[in-house]
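What follows is one structure encoded as C-alpha cells, with my remarks underneath.
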Amino acid sequence: MARLRPSTLARVLAPGPGAPPLEEVAAALAGRPGALQAIAHALPPARGERLLRLSQRPRHSGAGPAVGAGERLVRGLFWPLVYELRPELWDRLAGFERPAPALLAALPADGALVLDVGAGTGRLAAALVARARLVVALEPAPALRRAMRARHPGLVVVAGTAAHLPFAAGSFGLVTSCGALGPHPPAGGKAARLELERCAARPGMVALAAPEDPGWWQAHGYRRHDFPAPLPAPAP
C-alpha cells in the first residue's frame with residue numbers, strides 16, 4: 001500500500017462504504033511503522049492521525065489477526081493495487097474481455113466527441129476512434145495512461161477521476177465507461193454518476209459497458225441492454 005501514490009491512497013481510503021476501515025489498515029500493517037507513516041501522511045491530517053493512533057493500540061499475541069486483516073485489505077484494494085503496481089496483469093485481463101461488436105455498433109459514436117471514463121489501457125476507447133470525431137480517454141492510473149499513449153496514438157489521454165471530470169458541462173455527445181464504475185466511491189457512486197451526466201450533451205448519451213451492480217444504475221433511470229458475445233480462447 002505504501003507504494004501507491006498519495007493521491008490514490010487518499011481516494012481509496014476516503015470514508016465511505018467502499019473503503020476499508022482504518023482499523024483494518026492499522027491491523028494489517030502492525031509492525032511496519034514506515035508504511036503506516038507513509039500512508040498516514042497521504043491522508044487528510046485528522047484521518048492520518050487517527051490511523052497512527054489505531055496502530056498504537058495493544059495487539060493480541062500471534063500473527064493471526066494481522067494476517068486476516070492483510071488478506072481482507074488486499075481483497076478490498078485489489079484493483080487499485082493492480083492498476084498501479086502490476087498494470088501488465090490488468091492489460092492481459094482486459095485483452096480477454098473486449099466489448100461485444102454489437103455493443104460497439106449500438107453506441108452513437110459516429111462523428112461525435114466521445115469521453116471514455118476509467119479507460120484502462122483503451123479497450124473501449126480505441127474501438128471508437130475510427131468512428132468518432134475525437135475520443136478522450138480519462139484514466140487515473142499513470143501506468144495505464146502510459147500504455148494507452150504508446151499503443152493508441154489516436155486517443156487523447158488525460159488524467160482524472162469519475163467524481164471530478166475536468167470538462168465543461170455538455171462537452172461530449174457520448175460518455176462511456178467500460179467495467180469501471182459501480183454504486184460506491186471511489187470508483188463510482190452518486191458523484192461519479194452526476195459527473196458523467198453533466199458532461200454529456202443535450203441530446204447525448206451516457207453508456208456503461210459491464211458496470212458493477214447494473215441494478216443500481218437502472219434504479220437511477222438507466223436502461224439495460226444485453227449484447228452477448230463469446231469470450232476469445234486464451235493463447236497457449
Side-chain angles (χ1 to χ4, degrees), residues 79 83 90-141 144-145 147-184 187-232:
W79 290 117
Y83 297 152
W90 162 249
D91 192 42
R92 287 174 57 192
L93 174 62
F96 290 107
E97 293 185 342
R98 299 186 182 280
L103 182 151
L104 295 173
L107 294 175
D110 293 351
L113 293 177
V114 177
L115 171 63
D116 187 33
V117 178
T121 51
R123 58 178 169 175
L124 177 57
L128 300 175
V129 166
R131 295 168 50 203
R133 186 179 0 152
L134 182 73
V135 179
V136 177
L138 181 136
E139 170 55 48
L144 301 184
R145 292 199 303 271
M148 267 197 293
R149 289 191 179 105
R151 188 178 303 164
H152 305 298
L155 295 176
V156 176
V157 180
V158 299
T161 63
H164 303 284
L165 296 177
F167 309 106
S171 295
F172 298 92
L174 174 62
V175 178
T176 64
S177 184
C178 184
L181 302 179
H184 303 302
K190 180 180 179 179
R193 177 178 61 80
L194 293 178
E195 278 289 88
L196 299 179
E197 294 167 2
R198 179 185 67 82
C199 288
R202 301 292 184 268
M205 178 182 288
V206 177
L208 309 173
E212 181 184 347
D213 194 352
W216 183 84
W217 296 93
Q218 289 176 274
H220 289 88
Y222 286 72
R223 290 178 296 172
R224 177 169 178 164
H225 300 275
D226 293 320
F227 298 94
L231 291 174

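Using a distance-only test at 3.5 Å, with no hydrogens or angles considered, no donor-acceptor pair links the side chain of S171 to the main chain of C199. At distances below 3.5 Å, not a single donor-acceptor pair connects side-chain atoms of H164 with backbone N or O atoms of G160. Under a 3.5 Å cut-off, the side chain of R123 and the backbone N or O of E97 do form a donor-acceptor pair. R149 contributes no side-chain N or O that, together with a main-chain N or O of A147, makes up a donor-acceptor pair within less than 3.5 Å.
A191 and A163 get closest at one heavy-atom pair: CB-CB, 4.2 Å. Between M205 and A200, the shortest heavy-atom distance links the atoms O-CB, 4.3 Å. Considering every non-hydrogen atom in both C178 and P99, the closest pair reads SG-CG, 4.4 Å. Nearest heavy atoms, F96 versus R92: CD1-O, 3.2 Å. Nearest approach of W217 to G182, heavy atoms of both residues: CZ2-O, 3.8 Å. Between F167 and L115, the shortest heavy-atom distance links the atoms CE1-CD1, 3.6 Å.
Here the CZ atom belonging to R193 is positioned 12.0 Å from the CG atom belonging to L181, to the nearest 0.5 angstrom. Rounded to the nearest 0.5 Å, atoms CZ (F172) and CG (D116) are 10.5 Å apart. Distance check, rounded to the nearest 0.5 Å: OG1 of T176 to CG of L138 gives 10.5 Å. To the nearest 0.5 angstrom, L134 atom CG is 11.5 Å from L128 atom CG. Rounding to the nearest 0.5 angstrom, the gap separating the CD atom in E197 from the CG atom in L165 is 11.5 Å. Distance CG/L144 to CD/E139: 4.5 Å, rounded to 0.5 Å.
The local environment of CZ in R224 is sparse, with at most 12 non-hydrogen atoms from other residues, nucleotides or ligands closer than 6.0 Å.
Under the 30°/60° scheme for interplanar angles, the aromatic rings of W79 and Y83 are found to lie parallel.
Side chains of L208 and L196 form a contact here, defined as non-hydrogen atoms less than 4.5 Å apart. In this structure, the side chains of W216 and Y222 stay at 4.5 Å or more apart for every pair of heavy atoms.
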Donor-acceptor contacts, no H, no angles, side chain residues 100-113, under 3.5 Å, sequence neighbours left out:
{"residue": "D110", "atom": "OD1", "partner": "R131", "partner atom": "NE", "Å": "2.7"}
{"residue": "D110", "atom": "OD1", "partner": "R131", "partner atom": "NH2", "Å": "3.3"}

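Every salt bridge (Lys or Arg N to Asp or Glu O under 4.0 Å) that R198 has, sequence neighbours left out, goes to E195. R151 pairs by the side chain to side chain donor-acceptor pair (under 3.5 Å) definition with D91, not counting sequence neighbours.
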